[in-house]
Amino acid sequence: MADRPQPHQLQVRPQHGLGAKTQYQGPSTGQVLAVITGLPVGGTLLALAGLTLMGTITGALLATPLFIIFSPVLVPAIFVIGLAVTGFLTSGAFGLTALSSLSWVTNYLRRATGLVPEQLDQMKRRTADMVEFVGQKTKEGSQDIQSKAQDEKRRT
C-alpha cells in the first residue's frame, strides 16, 4: 500500500488578465479617515521641521563668528576635554581588564584547591628528604675535617 503513488490535486483559480473586466470600488472608509487625519498631522509636522531648520540655520549664522573669534580658546579646550574623556575611558577599560584577570585567577585557584594539599604534602616530603641529605653531607664533611685536623696534629 505504501508503494502506490498518491493522486495530486490541482486547484484552478480564475485569473484577471487584460481581457477581464474589474470594477473599481474606490477607497475604503478607513483609508479616507487615514487621509483626513494624516494630512493635518503631516502638515503640522512638516511646518515644525521647517521652523526647526530655519532656527538651526539662524543659530549657525550667529554662532559662526563667535566660534571663529574664540577658536584659540575653544580648540585647546576641546582637545583637553577629548584627552580627559579618552583617559577616563582607557582607565575604565584597564580597570575592567584587571578585574576580569583577578576573577580568572581566583576561579583558577578555586578549581586547583583540590590539588594543592597533595602538592603541599609532596613538597614537604621532598623538603624533608633534602634536609636529611644536606644534614648527612654536612655530618660527613665535618667528620672529614676532624679527621684531617687530627692527622695534622699527629704529624706535628
Side-chain angles (χ1 to χ4, degrees), residues 1-139 141:
M1 273 195 198
D3 294 337
R4 213 167 27 162
Q6 299 291 328
H8 296 286
Q9 293 181 355
L10 189 63
Q11 292 182 355
V12 180
R13 296 183 184 173
Q15 294 182 355
H16 299 286
L18 294 175
K21 291 185 179 181
T22 57
Q23 291 181 349
Y24 180 73
Q25 298 188 5
S28 66
T29 309
Q31 290 174 335
V32 171
L33 287 175
V35 169
I36 289 174
T37 57
L39 282 177
V41 171
T44 304
L45 291 175
L46 185 62
L48 288 174
L51 288 174
T52 305
L53 177 65
M54 291 306 295
T56 303
I57 291 173
T58 304
L61 289 174
L62 294 175
T64 300
L66 294 174
F67 282 138
I68 291 172
I69 292 170
F70 292 113
S71 66
V73 175
L74 291 177
V75 171
I78 291 171
F79 184 70
V80 168
I81 291 171
L83 285 177
V85 168
T86 303
F88 183 73
L89 292 176
T90 304
S91 171
F94 287 156
L96 285 175
T97 304
L99 286 176
S100 65
S101 298
L102 287 174
S103 173
W104 181 84
V105 167
T106 304
N107 288 334
Y108 179 78
L109 290 176
R110 282 184 186 163
R111 278 186 260 135
T113 53
L115 302 175
V116 171
E118 295 171 4
Q119 291 174 349
L120 284 176
D121 290 339
Q122 187 178 11
M123 200 180 287
K124 284 178 185 178
R125 276 186 259 120
R126 284 184 183 175
T127 305
D129 291 343
M130 185 59 72
V131 166
E132 184 180 336
F133 177 74
V134 169
Q136 186 179 1
K137 286 294 183 180
T138 304
K139 189 176 181 182

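Being a predicted model, the structure only gives us computed values, none of them experimental.
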When you measure from the side chain of Ser100 to the backbone N and O of Leu96, does any donor-acceptor pair fall under 3.5 Å?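 Yes, Ser100 side chain to Leu96 backbone: donor-acceptor pair under 3.5 Å.
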When rounded to the nearest 0.5 angstrom, what distance separates [atom1] in [X] from [atom2] in [Y]?
X: Ile68; Y: Leu74; atom1: CD1; atom2: CG; answer: 11.5 Å
X: Ser71; Y: Leu66; atom1: OG; atom2: CG; answer: 11.0 Å
X: Thr97; Y: Leu102; atom1: OG1; atom2: CG; answer: 11.0 Å
X: Leu51; Y: Thr56; atom1: CG; atom2: OG1; answer: 10.5 Å
X: Leu53; Y: Ile57; atom1: CG; atom2: CD1; answer: 4.0 Å

Taking only residues at least two apart or on different chains, which pairs with a member in residues 77-104 satisfy ring-ring contact (aromatic ring centres under 6.0 Å, His included)?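 Output for this query lists Trp104-Tyr108.
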Output side-chain donor-acceptor pairs under 3.5 Å for residues 31-46, partner residues at least two apart or in another chain, one line each.
from  : atom 1 : to    : atom 2 : distance (Å)
Gln31 : OE1    : Ser28 : N      : 3.0
Thr37 : OG1    : Leu33 : O      : 3.0
Thr37 : OG1    : Ala34 : O      : 3.3
Thr44 : OG1    : Pro40 : O      : 2.7

Atom pairs and distances, side-chain donor-acceptor, residues 126-139, under 3.5 Å, sequence neighbours left out:
from   : atom 1 : to     : atom 2 : distance (Å)
Thr127 : OG1    : Met123 : O      : 2.7
Thr138 : OG1    : Val134 : O      : 2.7

Kindly give the heavy-atom pair with the smallest separation between Pro76 and Val73, and that separation in Å.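 Closest pair (atom of Pro76, atom of Val73, distance): CD-O, 3.5 Å.
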